[in-house]
*Asks:* 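Take a look at this one; I'll ask things after.
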Amino acid sequence: MTSLTQTTGRDFIAGVADILRRLTVKRWIAVTRERQRLAALEPHLLEDIGVGQDAAAREAARPFWSVDCQR
C-alpha cells in the first residue's frame with residue numbers, strides 16, 4: 001500500500017521532471033533558431049557584432065544539444 005506522502009512526492013518529482021524536459025526542448029529549439037540566424041548573417045553584419053565568419057560557421061554547425069549553460 002502506498003501512502004499519500006509517497007504518492008504526492010512521486011507526483012511532484014514527475015511534475016518537476018516534465019517541466020525540465022519541456023524547458024530543455026524549448027531551449028534546444030531557441031538555440032537552433034539562433035544558430036540558423038547566425039549562419040544567415042552577411043559578413044558585414046558579423047563584423048558589426050565582432051564575430052568572424054569562421055567563428056560564426058563553427059557555432060552554427062554545433063548540434064542543438066550542445067548548449068552552454070550560461071543562460
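The structure presented is a predicted model; accordingly, all values stated were derived computationally and were not measured. Along the sequence shown, the residues carry numbers beginning at 1.
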*Asks:* Is any side-chain heavy atom of Leu41 closer than 4.5 Å to one of Ile49?
*Replies:* yes
*Asks:* Might you point out which heavy atoms bring Phe64 and Val31 nearest each other, and give the distance in Å?
*Replies:* O-CG1, 4.2 Å
*Asks:* Going by side chain to side chain contact (heavy atoms under 4.5 Å, CB included), name the residues that satisfy it together with Asp54, two or more places apart in sequence or in a different chain.
*Replies:* Arg58
*Asks:* Under the 4.5 Å side-chain heavy-atom rule for ILVMFWY, direct or indirect, which residues accompany Leu23?
*Replies:* Ile19
*Asks:* Are there more than 12 heavy atoms of other residues, nucleotides or ligands under 6.0 Å from atom CZ of Arg33?
*Replies:* no
*Asks:* Under the side chain to side chain contact (heavy atoms under 4.5 Å, CB included) test against Val16, which residue among Asp18, Ile13, Leu20 passes?
*Replies:* Leu20
*Asks:* Taking NZ, NE, NH1 and NH2 as the nitrogens, is one of them in Arg37 or Glu34 under 4.0 Å from a carboxylate oxygen of the other?
*Replies:* no
*Asks:* Drop me the distance from Trp28's CH2 to Thr24's OG1, to the nearest 0.5 angstrom.
*Replies:* 6.0 Å
*Asks:* Which distance, rounded to the nearest 0.5 Å, do you find between the CZ of Arg21 and the NZ of Lys26?
*Replies:* 14.0 Å
*Asks:* Using every non-hydrogen atom in the two residues, find where Val67 and Arg62 come nearest and quote the distance to one decimal.
*Replies:* N-NH2, 3.9 Å
*Asks:* Closest heavy-atom contact between Pro63 and Arg35?
*Replies:* O-NH1, 2.8 Å
